[in-house]
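Each remark here refers to the structure printed beneath this line.
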Amino acid sequence: MTAPSLSPNARQQVLLQALQASHDEMSGQQLHRSLSEDHTMGLATVYRNLRQLHQRGLVRCRHLPTGEALYAPVERDRHHLTCVDCGVTKALDHCPIHGIEVPKDSQGDFDLLFHTLEFFGLCSACRTRQHSSQ
């Protein structure tokens with residue numbers, strides 16, 4: 001028996017609820033696998049609806065050095081340190097720019113939805129490995 005077809009808005013609600021229930025970011029594939037039989041949808045549909053949620057300012061997207069995209073609800077204001085070599089990430093305890101506002105004259109005709117902040121560098125394991133190979 002196949003699951004009933006969901007409207008685009010209902011699909012987006014299912015994906016948003018799954019992201020909110022998760023304690024971490026999720027890739028589109030992880031999100032796709034997590035859906036119950038009652039809410040099955042194809043992987044392309046998951047990514048299309050994630051993109052629409054992102055455009056509406058309800059979901060943030062973070063790209064790893066591998067190219068993989070991770071998604072989280074915007075209420076989860078988490079930022080990361082990411083190793084450019086192995087891709088390991090570490091969440092920051094707090095947002096170092098929380099409270100900073102973009103001046104109105106710099107915003108132009110943009111309605112601000114959310115911000116992302118990510119720092120890139122080398123983790124200690126990659127730094128040690130690189131120094132020992134020199």
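Computed from a predicted structure; not experimentally measured.
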Residues forming a side chain to side chain donor-acceptor pair (under 3.5 Å) with [X], sequence neighbours excluded:
X: Gln20; answer: Glu75
X: Asp85; answer: Arg129, Gln130
X: Gln29; answer: none

Members sharing Leu64's hydrophobic cluster (side chains within less than 4.5 Å):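 So far as hydrophobic clustering goes, Leu64 is joined with Leu70.
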Could you pull out all residues at least two apart from [X] that satisfy salt bridge (charged side-chain N to carboxylate O under 4.0 Å, His left out)?
X: Arg78; value: none
X: Glu68; value: none
X: Asp77; value: Arg60

Distance from [X] atom [atom1] to [Y] atom [atom2], nearest 0.5 Å?
X: Arg11; Y: Leu53; atom1: CZ; atom2: CG; value: 12.0 Å
X: Leu15; Y: Thr45; atom1: CG; atom2: OG1; value: 9.5 Å
X: Cys83; Y: Lys90; atom1: SG; atom2: NZ; value: 13.5 Å

Minimum heavy-atom distance Met26-Ser34, with the two atoms named: CE-OG, 3.8 Å
Exercise: identify the closest heavy-atom pair between Ser22 and Arg76: O-NH2, 2.7 Å
In one Ile/Leu/Val/Met/Phe/Trp/Tyr side-chain cluster, 4.5 Å: [X], [Y]:
X: Ile100; Y: Leu117; result: yes
X: Leu43; Y: Leu35; result: yes
X: Val74; Y: Leu16; result: no

[X]: side-chain contact (heavy atoms from CB on, under 4.5 Å) partners, not counting sequence neighbours:
X: Gln52; answer: Gln12, Arg48, Asn49, Gln55
X: Ser106; answer: Val102, Pro103
X: Ala10; answer: Leu6, Ser7

Any Val59 side-chain heavy atom under 4.5 Å of Leu19 side chain: yes
Cys61 side chain reached by Leu50 side chain, heavy atoms, under 4.5 Å: no
Sequence neighbours excluded - ring-ring contact (aromatic ring centres under 6.0 Å, His included) pairs with any residue from residues 98-134: His54-Phe114, His79-His115
Salt bridge (Lys or Arg N to Asp or Glu O under 4.0 Å) pairs, two or more places apart, involving residues 100-125: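 Passing the test, one end in residues 100-125: Arg62-Glu118.
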